[in-house]
Amino acid sequence: MINPTHGSRKPMDGDSIRSSFIRFFEEREHLHMPSASLIPAGDPTLLFTSAGMVPFKPFFMGEQTPPRRRLTSCQKSFRTTDIDEVGDHKHLTFFEMLGNFSIGDYFKQDAVAFAWDLCTGLFGLEPERMYVTVHLDDDQAYDIWHKEIGIPPERIYRYGNSDNWWGPAGLEGPTGPCSELHYDGGAEKGIGQHRDTDEMMPPDELTALLRREADEGIPADPGGCHPNCDCERFVELWNLVFMQFYQDLDGVRTPLPAPSVDTGMGLERAAAVLQNKPNVYETDLFRPIIDAVCRLTGREYGADAETDYALRVVAEHARAASVLISDGVVPSNSERGYVLRRIIRRAIRYGRQLGLDGPFMTEVASAVIDRFAAAYPALDENRDFIRRVVGIEEERFAETFERGNNILRNILTTTPPEDLQLISGNDAFVLYDTYGFPPELVDEIGRREYGLSVDMDGFNAEMEAKRERDRAGHQVTGSMEIVTAYENLGAGNTAFDGYYQTSIESRILGILRDGEAVGQATRGQQVEIVLAETCFYAEGGGQVGDTGIITGPNGRVQVEDTQSPVAGLIVHRGKVVEGDIALGDAVTGQVEAERRLDASRNHSGTHLLHAALRSILGPHVRQAGSLCDTGRLRFDFNHVGAMTSDEQLAVQSLANGKIRENLAVTAHETTYADAVREGALAFFGDRYGDVVRVVRMADSDSDANGHGQADPFSFEVCGGTHVHATGQVGTLVVLGESSIGGGMRRIEAITGRAAEELVVQQSATLQAISQKLQAPVHELEARLDAYMADTDALRRRLADTERVGLRAEAESLLGRVRDVDGVKLVASVTSANNVESMREMGDYLKQKLDSVVIALGAVIDGSPMIVTMVTPDLVGRGLHAGNIARDSAKLMGGGGGGRPETAQAGGRQPDRLGAALDAVSGLVRDGLKG
RNA sequence: GGGGGCUUAGCUCAGUGGGAGAGCACCUGCUUUGCAAGCAGGGGGUCAGGGGUUCGAAUCCCCUAGCCUCCA
């Protein structure tokens with residue numbers, strides 16, 4: 001495609017845009033930070049990494065020190081807001097964001113100059129096609145662009161807060177104006193009224209309109225074209241955020257002492273501009289994927305709009321899904337996994353539209369991996385895993401489809417045709433809400449096979465009602481009183497010094513009783529104690545809190561649990577068991593050491609398990625939670641499906657091998673950033689402060705800082721207590737593996753003393769069984785099989801014998817047929833020991849007597865039971881087995897019922913069974929009259 | 001985190017308080033060598049688990065677990 005307006009600038013492919021951008025800033029003293037995972041580390045409030053600055057948030061917030069004040073990165077980013085828009089030619093879920101960052105280093109002047117140099121120099125973009133936007137009030141930025149760079153006023157536009165103000169992210173934090181660079185694709189790119197008209201709205205006019213909007217609330221209604229206009233003439237290429245203020249909870253802004261800069265340029269958009277392509281899907285970042293989809297479908301891109309839309313959906317979602325999976329997201333029913341599932345299913349839906357009925361996503365994923373493996377090697381490393389996950393999800397969707405399809409057909413075929421004009425919104429909604437069957441598919445099938453379409457308005461109304469309901473049920477309540485009670489103690493942070501010792505000298509800084517601060521406590525009272533420093537480990541990181549004794553000059557406290565209700569503060573919960581204690585007492589804390597060691601063994605066990613799981617199942621395994629109790633351990637992680645027993649054994653075997661190797665367990669403190677850089681595993685959900693502790697398990701010939709010759713077997717950020725060498729764990733026995741929800745698994749295991757105990761118990765059980773069965777352990781199974789076969793045979797013989805006996809009894813009953821008004825009646829107590837037998841007897845009698853009323857009774861497990869039968873001809877004459885059963889059972893304190901031909905009844909008075917059966921003849925007589 | 005649904009034979013599923021079923025698969029026999037072979041017979045069940053209501057629960061109610069699904 002040749003566009004004569006673009007001069008001689010030569011196109012750049014996506015990979016060179018990425019690398020040359022980074023190099024440009026490296027040459028200007030920026031440190032290149034590798035892309036962080038799409039799963040934000042240490043920020044539970046965020047679903048995905050959604051912009052280049054996200055991983056650097058702690059730097060901008062001043063919580064952590066950056067490795068350098070100038071940073072640059074190409075960050076993988078994912079946004080959920082536009083999922084349903086993907087398919088048009090501008091929206092994306094996954095994209096790469098190029099950026100340069102100044103953390104209290106340079107500010108507007110340099111940021112603007114860098115951006116301009118890069119665009120016009122490195123990228124070779126024509127200066128006259130560059131438009132600039134600044135905030136209404138940011139005269140400083142305006143002047144830099146105008147006076148220093150030399151942009152003429154007619155290409156500098158001012159906008160208000162919605163377009164050109166950033167932040168704060170959350171309720172408080174850094175915030176400031178931004179300035180954007182827009183690229184003018186030419187008037188012919190515009191759509192609607194602005195197409196092919198060179199007329200732009202003059203900046204001054206727009207500024208006046210927006211100023212009135214900001215000051216007087218008069219909505220601006222610009223008539224002409226401008227950079228942020230909806231017509232597609234302009235591409236927003238680069239956003240420069242100037243973090244100038246700190247905004248507090250009340251909305252008050254104070255200038256930051258060292259302002260910062262955060263910029264972001266979408267790689268895909270840059271590629272579209274630099275390759276002279278009309279949109280991102282035509283660039284080399286997407287074309288190979290779209291071509292792969294075309295090969296699978298035999299379709300052609302660019303032939304018709306509907307096909308193109310579907311091709312783009314499949315390509316975009318396959319790309320996003322592959323990267324998400326590579327970063328450890330697995331499809332599930334909530335949160336990240338749910339987003340992943342949605343995009344995979346949306347892709348499959350559009351794939352169907354392209355005629356792909358079978359599985360195809362794995363092949364598209366392969367094309368994605370091929371295209372991006374060079375820039376993101378993790379994609380290639382996880383190739384098999386990505387394909388597997390996508391494949392499983394594809395199968396699962398096929399099941400969902402099958403189920404929904406059956407239900408839909410049921411609805412459509414059971415509703416009388418005259419009632420069916422439209423498929424109701426409610427039906428479509430139930431199919432979607434309960435069975436995950438998309439309304440578009442309902443519509444498709446309805447139209448094709450029944451000539452009916454879905455009432456989409458009704459569907460949307462149901463959907464909106466559901467959203468309302470969910471919102472209403474989402475009110476959160478938090479009790480802050482307890483927290484303030486601790487804060488009011490004024491004890492500050494408790495120093496923890498318990499990694500290498502279990503006893504300590506300290507003094508009492510605070511005592512709480514029933515949530516109230518008190519000066520002292522006496523024997524028998526339940527208290528919470530805060531010490532200046534402690535060796536008691538507070539529950540955290542899945543490990544249980546310590547127990548032990550605190551001894552003061554005048555008394556002792558039995559510590560039953562240790563908790564950290566407020567970050568930094570450690571509280572000992574327990575009971576004064578001797579004398580009394582008071583504020584300021586000098587005390588000795590003594591942790592119950594053996595119990596602590598049990599917990600430590602289990603905690604080290606989880607690290608071994610974690611590393612072993614990653615080794616056996618793959619690096620997507622990610623800790624989702626854990627419990628390190630004294631008796632056992634639990635480890636939750638994400639994985640696609642159940643582990644096979646072979647996998648479980650392999651994991652157990654690997655962990656035990658490392659235990660026998662007796663790896664040294666060492667710990668050191670470092671910054672969070674360094675820990676991650678050194679390769680320590682850090683997991684979502686934990687809140688890590690500036691300084692973190694990392695625990696590694698490795699051969700002792702590598703040093704304590706994680707720089708050994710060999711890679712450590714395990715290396716994790718962790719604040720828990722551990723054994724000193726893996727040998728102390730003893731043995732790790734996996735007890736089982738189970739599901740804890742979609743995509744999440746749980747392993748339970750024991751170590752050390754508990755493992756020994758298990759071996760002792762199990763062999764004791766085996767010995768006991770061996771004695772009872774009179775067979776050595778290795779023959780137990782065969783012996784048990786023989787016993788079971790014997791029992792089976794005996795059971796059959798017994799059943800046969802019973803049947804013969806009952807048959808004989810039934811035959812004898814043939815001689816006791818009575819006549820009630822011309823109807824044959826058999827009513828008798830039997831020796832049957834279950835209802836089934838009585839039914840068999842009844843069947844036999846019915847067969848022999850042809851036309852008869854039968855009422856058989858027996859006392860079964862202490863309760864009187866009656867079975868009644870009426871042959872069809874007599875039912876025709878007004879008799880009803882159910883009524884006979886019910887009415888006769890009343891005489892023995894019960895009730896009954898059933899069908900006209902067969903019924904049963906029970907009661908509470910066994911001695912009245914005879915009376916109840918005697919009443920049957922009367923009931924038959926009454927029934928014949930009625 | 002919240003809502004809806006499901007859990008019955010190896011598999012797919014029927015079964016609205018009164019005899020646990022069908023199709024497929026499996027086993028045996030016969031028949032037959034050609035497309036889901038046919039015929040006859042047979043084995044196989046903690047109706048997810050626990051509690052409750054009832055003379056009686058797969059069925060109604062409550063709790064728990066697992067799975068599916070939608071929303072956040």
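A, B, ... follow the sequence lines: proteins, then strands. Residue 1 opens every chain.
- Side-chain proximity of A:Arg396 to the nucleotides B:U69, B:C70, B:A72 is greatest for B:U69.
- Rounded to an integer number of Å, the gap from NZ of A:Lys846 to C1' of B:G19 is 10 Å.
- Straight-line distance between the C1' atoms of B:A14 and B:G29: roughly 31 Å, to the nearest whole Å.
- Considering only the side chain of A:Glu836, B:A20 comes nearest among B:G3, B:A20, B:G5.
- A:Gly436 comes within 4.0 angstrom of the backbone, heavy atoms only, and of no base.
- Contacts of A:Arg912 with the nucleic acid, taken as non-hydrogen atoms under 4.0 Å apart, are absent.
- Figure legend. B:U53 is base-paired to no nucleotide; pairs are counted as Watson-Crick or G-U wobble with both atom distances under 3.5 Å.
- Taking the P atoms as reference points, B:G52 lies 15 Å from B:A58, given to the whole Å.
- Contact annotation for A:Met463: backbone-only contact, meaning every heavy-atom pair under 4.0 Å involves sugar-phosphate atoms and none involves a base.
- Across all strands, A:Arg403 comes closer than 4.0 Å only to sugar-phosphate atoms, never to a base (heavy-atom distances).
- Side-chain contact between A:Thr400 and A:Arg345 is present, with at least one heavy-atom pair separated by less than 4.5 Å.
- One interatomic measurement links the two molecules: CZ of A:Phe48 to C1' of B:A72, which rounds to 13 Å at whole-angstrom precision.
- When the nucleotides B:U69, B:G19, B:A72 are ranked by their closest atom to the side chain of A:Thr902, B:G19 comes out on top.
- Two residues, A:Arg345 and A:Gly894, neighbour RNA chain B, and the one matched to the more 5' nucleotide by heavy-atom proximity is A:Gly894.
- Nearer the 5' end of RNA chain B, as judged by each residue's closest nucleotide, is the contact made by A:Val430, out of A:Val430 and A:Gly897.
- For A:Asp843 and B:G19, a side-chain-to-base donor-acceptor distance below 3.5 Å is present, hydrogens and geometry of angles not being considered.
- For A:Ser863, no side-chain nitrogen or oxygen approaches OP1 or OP2 of B:G56 to under 4.0 Å.
- At a cut-off of 3.5 angstrom, counting only N and O atoms as typed in the model, there is no donor on one side facing an acceptor on the other between the side-chain of A:Arg839 and the base of B:G18.
- Base pairing annotation: B:G34 forms no Watson-Crick or G-U wobble pair, as no partner gives both donor-acceptor distances under 3.5 Å.
- Residue A:Ile407 contributes atom CD1, which lies 11 Å from atom C1' of B:C68 at whole-angstrom precision.
- OP1 and OP2 of B:C55 both lie 4.0 Å or more from every side-chain N or O belonging to A:Arg886.
- Nucleotides B:C63 and B:C6 are separated by 16 Å at their P atoms, to the nearest Å.
- Side-chain contact between A:Val454 and A:Leu422: absent, with no pair of heavy atoms (C-beta onward) separated by less than 4.5 Å.
- Distance A:Arg336 CZ to B:A72 P: 17 Å, rounded to the nearest Å.
- For B:G10 and B:A72, the P atoms lie 40 Å apart once the distance is rounded to whole Å.
- Comparing the C1' positions of B:G34 and B:G4 gives a spacing of 50 Å, expressed to the nearest Å.
- Across all strands shown, B:U16 forms no Watson-Crick or G-U wobble pair with both key distances under 3.5 Å.
- Comparing B:G5, B:C70, B:C55 by their nearest atom to the side chain of A:Tyr435 picks out B:G5.
- Listed for the A:Arg346 side chain is a donor-acceptor partner under 3.5 Å among the backbone atoms of A:Asp84.
- Residue A:Arg908 places at least one side-chain N or O under 4.0 Å from the OP1 or OP2 atom of B:C55.
- Using a 4.0 Å cut-off between charged nitrogen and carboxylate oxygen, A:Glu399 and A:Arg396 do not count as a salt-bridge pair.
- When the C1' atom of B:C68 is taken as reference, atom CD of A:Glu395 falls 16 Å away, rounded to whole Å.
- If you measure from atom CZ of A:Arg341 to atom C1' of B:C68, you get 8 Å, rounded to the nearest angstrom.
- Between B:C61 and B:U53, the two P atoms lie 15 Å apart (nearest whole Å).
- Of all nucleotides present, none satisfies the Watson-Crick or G-U wobble test against B:G43 with each distance under 3.5 Å.
- With hydrogens and angles disregarded, no donor-acceptor distance shorter than 3.5 Å links the side chain of A:Thr871 to the backbone of A:Asp873.
- Residues A:Arg632 and A:Asp629 are not paired through a salt bridge, judged by the lack of any N-O separation under 4.0 Å between the basic side chain and the carboxylate.
- Of the candidates B:C68, B:G3, B:G19, the closest approach to any side-chain atom of A:Lys466 belongs to B:G3.
- Across all strands, A:Ala905 comes closer than 4.0 Å to base atoms (heavy-atom distances).
- Comparing atom distances between the A:Gln904 side chain and each of B:A72, B:U69, B:G18 picks out B:G18 as nearest.
- Between the CZ atom of A:Phe397 and the C1' atom of B:C70 there is a distance of 14 Å, given to the nearest Å.
- Searching all strands for a Watson-Crick or G-U wobble partner of B:C11 with both distances below 3.5 Å returns B:G23.
- B:A57 and B:C47 have their C1' atoms separated by 11 Å, with the value rounded to a whole Å.
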For this session: Take A:Ser332 and A:Arg341 through the side chain to side chain contact (heavy atoms under 4.5 Å, CB included) test and state the conclusion after the steps.
Result: CA-CA 7 Å; A:Ser332 77; A:Arg341 171 164 289 172; 5.7 Å; no

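- Cation-pi geometry between A:Arg352 and A:Phe401 is satisfied (NZ or CZ under 6.0 Å from the ring centre, within 45° of the ring normal).
- Between the CD1 atom of A:Ile348 and the P atom of B:U69 there is a distance of 11 Å, rounded to whole Å.
- Checking B:G66 for Watson-Crick or G-U wobble geometry (two distances, each under 3.5 Å) identifies B:C6 as its partner.
- Straight-line distance between the P atoms of B:A9 and B:A48: roughly 8 Å, to the nearest whole Å.
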